[in-house]
Amino acid sequence: MTVEHGEAESAEPLIPLHCLRHAEPGPPRLTALPNGTPVWLATRHADVRQVLTDPRLDRASLYTPDAPPTSTGPNLLDDPEGLLNIDGPEHQRLRRTVQRAFTPRAIERWRPWVESVVEELIDGLEASGSPVDVIAGLTGSLPIAVISRLMDLDGVDHERLSYWSDHALSTSAYPAERVRQAMREFYAFSEQLIAQRRKNPGDDLVSSLLQAADVTEGVTEGQLVVLVCGLVVAGHETTMTSFGNALVQLLTESPAAWARIGADQENAAAAAEQLLRAVPLGDTAEIPGLLRRAVADLEIGGVAISAGSVVAADVRTANHDPEVYPPSETLDHFAPLGTPSLTFGAGPHHCLGAWLARMELELGLHQLARRLPGLRLAEPVEGIAWRTGLLTRSPASLRVAW
């Protein structure tokens with residue numbers, strides 16, 4: 001992802017995400033969001049899973065008139081018309097319009113093409129010569145190329161898509177009015193794209209989304225506009241972030257794992273799962289976890305939570321709960337996960353793009369390690385510039401050599 005003028009980058013030395021210390025999981029405790037709103041923080045795996053699946057906790061009530069403020073500025077995820085912020089039957093209607101394109105079987109059909117894109121990008125890295133920025137050349141380019149193909153966005157300015165996506169996930173990286181302007185442009189792009197595909201439908205995700213919406217009662221135009229924007233953002237943000245952070249972990253701490261990943265694709269798939277669990281997509285400086293609001297009194301982990309309370313699911317800590325994932329001094333990249341991680345959430349709002357992100361990370365890691373077994377960082381870890389002030393954190397650039 002390209003960041004205009006570097007405003008979302010941090011030149012200050014930051015700890016790589018895989019090096020962050022994790023809090024000891026315990027019963028839900030009362031803390032506060034960055035804006036001061038009280039929030040119950042769930043950290044144990046079982047408690048976090050309950051927060052994400054219990055119907056007495058939802059997203060829509062975070063945006064009712066009586067709800068306390070939960071954000072410090074505008075971003076796409078706080079749009080009340082977004083899929084993330086709709087619950088119950090209305091959520092299921094909207095989700096059904098797009099979920100068929102993201103089933104494991106549907107995603108698997110894309111494997112040969114995604115693999116060819118990975119190969120072409122690595123060809124480009126090799127042609128550029130060592131050292132090279134692997135973020136610009138691969139980890140940022142791969143996911144946006146894939147989602148652009150899936151949505152038939154060929155000819156659309158990828159730099160602009162990345163610019164809008166960066167602003168859509170901003171928490172403090174950009175001034176609020178600049179974020180609002182970027183979002184107005186993004187929504188206008190989505191509206192124009194929808195109008196084009198209604199006039200000239202094709203074999204792409206946007207066209208199939210509109211066809212499904214035509215036969216689904218209750219899907220509004222506003223919901224479709226936000227959904228198309230959300231697909232652009234979600235389609236590449238998770239992969240770009242996890243891929244970049246995974247490379248930092250592997251190239252600084254796990255050269256033996258790097259060799260095994262390149263030798264066997266099944267090893268790459270196992271490593272992708274472990275890296276998605278163990279290396280978080282961001283830190284807790286901006287938001288402590290995935291937010292929900294109680295619509296009824298309930299109990300979480302033995303703690304009474306009153307209706308109207310805001311609850312945060314700390315996925316980062318839950319993914320390291322020693323009661324579920326045996327602690328170890330070093331990450332075993334190839335150990336099977338006995339319990340699925342919560343990286344992609346759980347319950348009704350489980351990430352639609354989870355299987356696509358998994359496949360892109362698996363293929364990207366395998367092909368890169370196979371083609372460039374001697375890959376190494378060309379700069380000290382302390383010199384990495386990070387994308388900050390967003391809901392995710394990853395290297396803004398990462399120079400590698402071989």
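Predicted model only: the values in this text are computed from it and were never measured.
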Peer 1: Side chains of Y187 and D79: is there a donor and an acceptor less than 3.5 Å apart?
Peer 2: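 D79 and Y187 do have a side-chain donor-acceptor pair below 3.5 Å.
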Peer 1: Between R293 and D66, does at least one N-O distance fall below 4.0 Å, as a salt bridge requires?
Peer 2: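 Here R293 pairs with D66 in a salt bridge, since their nearest N and O are under 4.0 Å apart.
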Peer 1: Is it the case that more than 12 heavy atoms not belonging to E266 sit under 6.0 Å from its CD atom?
Peer 2: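 Incorrect, the count does not exceed 12.
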Peer 1: OG1 of T343 to CG of L276: how many Å apart, nearest 0.5 Å?
Peer 2: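 One finds 6.0 Å between OG1 of T343 and CG of L276.
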Peer 1: Between E323 and R44, does any NZ, NE, NH1 or NH2 come within less than 4.0 Å of an OD or OE carboxylate oxygen?
Peer 2: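 No, R44 and E323 are not salt-bridged.
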Peer 1: Taking the side chain as everything from C-beta on, heavy atoms only, tell me whether I300 gets closer than 4.5 Å to W40.
Peer 2: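 In short, these two side chains do not touch, never coming nearer than 4.5 Å.
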Peer 1: Ion pair present between R198 and E221, side-chain N to carboxylate O less than 4.0 angstrom?
Peer 2: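 E221 and R198: salt-bridged.
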Peer 1: Would you sort out whether H45 and Y325 count as a ring-ring contact (aromatic ring centres under 6.0 Å, His included), showing the intermediate values?
Peer 2: CA-CA 10 Å; H45 190 279; Y325 307 106; 5.7 Å; yes
Peer 1: Answer yes or no: are there more than 12 heavy-atom neighbours, outside D203 itself, under 6.0 Å from its atom CG?
Peer 2: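 Check fails, neighbour count at 12 or below.
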Peer 1: Taking side chain as C-beta onward, heavy atoms only, is L352 less than 4.5 Å from R95?
Peer 2: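 Yes, their side chains come closer than 4.5 Å.
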Peer 1: Has T238 got a side-chain atom pairing as donor or acceptor with A357's backbone, closer than 3.5 angstrom?
Peer 2: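 No; zero donor-acceptor contacts below 3.5 Å.
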Peer 1: Using the side chain to side chain contact (heavy atoms under 4.5 Å, CB included) rule, pick out the option among L368, L375, I261 that qualifies with L250.
Peer 2: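 Output: one option passes, namely I261.
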Peer 1: So that I can tick it off, tell me whether R111 and E360 are bridged by a salt bridge, with the cut-off set at under 4.0 angstrom between side-chain N and carboxylate O.
Peer 2: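 Result for this pair is no, no salt bridge flagged.
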Peer 1: Is R160 close enough and on-axis enough to Y163, meaning under 6.0 Å and within 45°, for cation-pi?
Peer 2: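 Geometry flag: set, cation within 6.0 Å and 45°.
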Peer 1: Looking just at side-chain N and O atoms, do H167 and R178 make a donor-acceptor pair shorter than 3.5 Å?
Peer 2: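 Looking only at side-chain atoms, R178 and H167 do form a donor-acceptor pair, the distance falling under 3.5 Å.
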Peer 1: If you take all heavy atoms of A346 and R49, which pair is closest and at what distance?
Peer 2: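 Reported closest heavy-atom pair: CB-NH1, 3.4 Å.
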Peer 1: Please confirm whether the ring centroid of W164 lies under 6.0 Å from the ring centroid of F189.
Peer 2: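 Ring centroids of W164 and F189 are less than 6.0 Å from each other.
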Peer 1: Within the structure provided, determine whether L331 and L275 are in side-chain contact (heavy-atom separation under 4.5 Å).
Peer 2: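 Yes, their side chains come closer than 4.5 Å.
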Peer 1: Between D283 and R393 (salt bridge meaning N to carboxylate O under 4.0 Å), is one present in this structure?
Peer 2: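 So D283 pairs with R393 through a salt bridge.
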Peer 1: Quiz question: by atom type and distance under 3.5 Å, do the side chains of E237 and T241 form a donor-acceptor pair?
Peer 2: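 Short answer, yes.
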Peer 1: Assess whether a salt bridge exists between E185 and R180, defined as any Lys/Arg side-chain N lying under 4.0 Å from an Asp/Glu carboxylate O.
Peer 2: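 No, E185 and R180 are not salt-bridged.
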Peer 1: Taking atom CH2 of W402 as the centre, report whether more than 12 heavy atoms of other residues, nucleotides or ligands fall under 6.0 Å from it.
Peer 2: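 More than 12 within 6.0 Å, yes.
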Peer 1: Please determine whether salt bridge (charged side-chain N to carboxylate O under 4.0 Å, His left out) holds for the pair E126 and R371, giving the CA-CA distance in whole Å, both sets of side-chain angles, and the decisive distance to 0.1 Å.
Peer 2: CA-CA 9 Å; E126 290 189 311; R371 296 270 301 272; 2.8 Å; yes
Peer 1: Stepwise, does the side-chain contact (heavy atoms from CB on, under 4.5 Å) test hold for L76 with M183?
Peer 2: CA-CA 8 Å; L76 179 67; M183 295 310 304; 3.6 Å; yes
Peer 1: Taking E273 first and then R358, would you say they form a salt bridge - that is, a charged N and a carboxylate O separated by under 4.0 Å?
Peer 2: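 Looking at E273 and R358, the cut-off is met.
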Peer 1: Looking at R387 and D166, is there a salt bridge between them, counting it only when a charged N and a carboxylate O are closer than 4.0 Å?
Peer 2: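 Result for this pair is yes, salt bridge flagged.
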Peer 1: Regarding S242 and N245, is there a side-chain donor-to-acceptor distance under 3.5 Å anywhere?
Peer 2: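 Absent: no donor and acceptor within the cut-off.
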